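Let me begin by presenting the structure, written as structure tokens, before commenting on it.
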2 protein chains.
Amino acid sequence: MSTRSSTPGRQRGLSRRRIVALAHEIIAREGVEALSMRRLAREVGTTPMALYHHVRDKDELLALVMEAVAEDLPRPPLPEDPRERLVAVCELMREAFLQHPWVVAILARGRLVGPSAVWMTEEILGSLVACGMTVEEAFTAHRTIWNFTAGDVMVTAALRTEPEDRSPTHFVESQVARQGAETLPHLGALVGRSRELEARYTYRAGLEQVLDGVLPRR
Amino acid sequence: MSTRSSTPGRQRGLSRRRIVALAHEIIAREGVEALSMRRLAREVGTTPMALYHHVRDKDELLALVMEAVAEDLPRPPLPEDPRERLVAVCELMREAFLQHPWVVAILARGRLVGPSAVWMTEEILGSLVACGMTVEEAFTAHRTIWNFTAGDVMVTAALRTEPEDRSPTHFVESQVARQGAETLPHLGALVGRSRELEARYTYRAGLEQVLDGVLPRR
DNA sequence: ACCTGAACACCGTTCAAGT
DNA sequence: ACCTGAACACCGTTCAAGT
């Protein structure tokens with residue numbers, strides 16, 4: 001990592017590291033949509049085209065930022081019990097995504113998770129096998145757990161950034177008001193409580209239920 | 001719907017309907033990222049600004065297209081048995097999203113599902129209650145099912161649009177090749193079979209497992 | 001090898017003006 | 001009421017040229 005610069009002197013020229021670090025900073029402060037090659041160039045003090053000498057295109061830059069984020073992820077000791085370990089890794093994974101919600105959008109566009117994050121996949125597969133599954137079953141179970149987690153992150157991130165500013169009354173209430181409680185009896189029964197119930201929902205509880213369905217019966 | 005134009009003569013002027021229909025067409029043919037106000041104006045034969053007389057902004061236009069899609073959704077008769085009904089609605093929902101994968105990205109940005117699609121939510125809640133849950137439990141279970149479904153659509157859509165063109169060897173294979181089978185024993189055990197296993201995964205099977213965990217024990 | 005300048009082909013949206 | 005033209009403040013990227 002620090003092979004040639006023993007002096008703490010600021011590295012003035014461009015470099016992949018500096019570009020990726022600043023890109024990360026912009027994204028962290030203002031979201032992915034705020035990152036543009038031109039803006040990044042301005043902030044780093046060059047022309048847009050200088051950047052293209054260090055990264056192939058914007059897509060590669062985003063992948064590099066993702067990888068940098070994954071490298072900094074904490075890797076605390078995990079519980080011995082396989083199911084507890086499973087839950088712990090999944091919660092770490094969800095936490096990581098919620099701290100960097102833009103990653104989900106990139107993953108959704110077909111990117112694959114980078115080398116620095118595979119240990120999570122390995123850990124999940126390992127825990128599933130330790131719960132009594134074959135590797136093949138574990139592969140399938142992993143996909144189900146990942147689907148659930150990705151969806152939860154998507155929904156939770158959306159709820160956080162959009163504090164009802166376009167629907168002052170909540171979804172349930174406005175739909176029931178529009179269509180009447182006769183056609184929507186069950187939604188109707190939730191009027192007034194949906195917000196509270198939604199706030200009470202936890203990833204952990206949902207995950208436990210998913211695991212109840214996925215893991216072999218004890 | 002057809003109140004004033006009994007003649008089949010083409011409606012020449014602009015109108016919300018025409019704008020929304022053409023926007024939908026562009027998205028269907030080339031994806032959301034192909035839709036721009038300027039492109040739409042060109043194709044409809046006006047200036048970009050003429051559009052703003054019929055829709056507030058691009059966001060509203062997208063919401064209108066979403067609503068138009070929801071209106072055209074099939075609503076076939078559903079099974080009597082509550083669990084079967086649940087599965088049927090969820091599969092309809094998933095099918096609908098896979099046919100219009102761009103909707104997921106918009107929903108992810110905080111948009112709420114429009115009036116023409118609420119019947120699905122109502123049907124899911126109703127089936128859950130018919131399975132023996134309270135409305136409150138049904139609300140929570142709905143969120144878990146929705147998380148799973150949204151995630152599955154995201155992953156499936158990504159796999160379809162990106163037929164490995166940036167990773168000729170599959171994820172598992174390339175990661176194991178890079179990091180070695182000692183650090184990734186379980187991923188290592190899947191080398192050569194991941195592609196096939198992935199192709200074998202079905203939403204239906206995953207959903208059944210999720211339901212096993214979510215529904216009250218029979 | 002690394003960087004610059006000008007250009008190409010785009011964006012969403014505002015604002016003042018026309019009929 | 002409905003539409004136009006010009007403008008503002010942006011994009012990602014290519015290409016030829018400079019040091």
Side-chain angles (χ1 to χ4, degrees), chain A residues 3-5 9-27 29-66 102 105-106 109-111 161-162 165-166, chain B residues 3-5 9-27 29-66 102 105-106 109-111 161-162 165-166:
Chain A
T3 24
R4 18 180 277 257
S5 71
R10 294 279 151 266
Q11 184 178 354
R12 250 269 305 112
L14 275 185
S15 75
R16 242 168 127 96
R17 270 184 73 272
R18 231 172 50 102
I19 291 170
V20 171
L22 189 50
H24 185 8
E25 229 179 281
I26 293 174
I27 291 174
R29 280 201 314 260
E30 302 173 45
V32 231
E33 63 287 343
L35 181 72
S36 75
M37 299 303 272
R38 296 176 110 108
R39 157 91 185 270
L40 181 57
R42 214 183 308 131
E43 219 143 310
V44 90
T46 22
T47 52
M49 286 322 296
L51 301 175
Y52 285 87
H53 225 267
H54 299 90
V55 296
R56 199 173 359 83
D57 54 18
K58 197 185 175 181
D59 246 46
E60 191 189 57
L61 176 59
L62 284 171
L64 290 170
V65 178
M66 251 173 71
W102 53 277
I106 295 171
R109 285 171 47 215
R111 276 256 163 238
T161 51
E162 209 82 46
D165 75 65
R166 52 185 122 200
Chain B
T3 23
R4 17 180 277 257
S5 70
R10 297 277 151 267
Q11 184 175 355
R12 251 265 308 110
L14 275 185
S15 74
R16 243 168 126 96
R17 270 183 75 272
R18 227 167 58 97
I19 291 170
V20 171
L22 188 50
H24 185 6
E25 231 180 279
I26 293 175
I27 291 175
R29 279 203 314 260
E30 302 173 46
V32 232
E33 64 287 345
L35 181 72
S36 75
M37 298 305 271
R38 296 176 110 108
R39 157 91 185 271
L40 181 58
R42 213 184 307 130
E43 218 143 308
V44 88
T46 22
T47 52
M49 287 321 297
L51 302 175
Y52 285 88
H53 224 267
H54 299 89
V55 296
R56 204 180 348 90
D57 53 19
K58 198 186 175 181
D59 245 46
E60 191 189 59
L61 175 58
L62 284 171
L64 289 169
V65 177
M66 253 174 70
W102 53 277
I106 295 172
R109 285 172 46 215
R111 275 259 162 236
T161 51
E162 208 83 45
D165 75 65
R166 52 184 125 199

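Nothing here was measured: the structure is a model prediction, and the numbers come from that model. Only heavy atoms go into these numbers, but all of them, side chains included; no hydrogens, no water, no symmetry mates. Order of the sequence lines fixes the chain letters, A, B, ..., with proteins taken first and strands second; residue numbering starts at 1 for each chain.
In the set D/dT4, C/dC11, D/dG12, D/dT4 carries the atom at the smallest distance from any side-chain atom of B/T46. When each of C/dT4, C/dT14, D/dC11 is scored by its nearest atom to the side-chain atoms of A/T47, the top-ranked nucleotide is C/dT4. Picking from D/dT13, C/dT4, D/dC3 the nucleotide with the shortest atom distance to the side chain of B/A50 gives D/dC3.
Panel note: side chain B/R38, backbone B/P48; no donor-acceptor pair is recorded below 3.5 Å.
Within the 4.0 Å cut-off from OP1 or OP2 of C/dT4, not a single side-chain nitrogen or oxygen of A/H53 is found. Contact annotation: A/H54 side-chain N/O to C/dA1 OP1/OP2 distance is not under 4.0 Å.
With the nearest nucleotide of DNA chain D identified for both A/M49 and A/A34, A/A34 has the one nearer the 5' end.
As a whole-Å value, the separation of B/Y52 OH from D/dA1 C1' is 19 Å. Here the P atom of nucleotide D/dC10 and the CD atom of A/E33 are 15 Å apart, to the nearest Å. At whole-Å resolution of the value, CD in A/E60 and C1' in D/dT13 are 15 Å apart. Here C/dA9 presents its P atom at 16 Å from CZ of B/R39, a figure rounded to the nearest Å. The nearest whole Å value for the distance from the CG atom in A/L62 to the P atom in D/dG12 is 10 Å.
Across all strands shown, A/M37 has heavy atoms under 4.0 Å from sugar-phosphate atoms exclusively, and none from any base.
Rounded to whole Å, the C1' atom of D/dC11 lies 12 Å from the corresponding atom of C/dC8.
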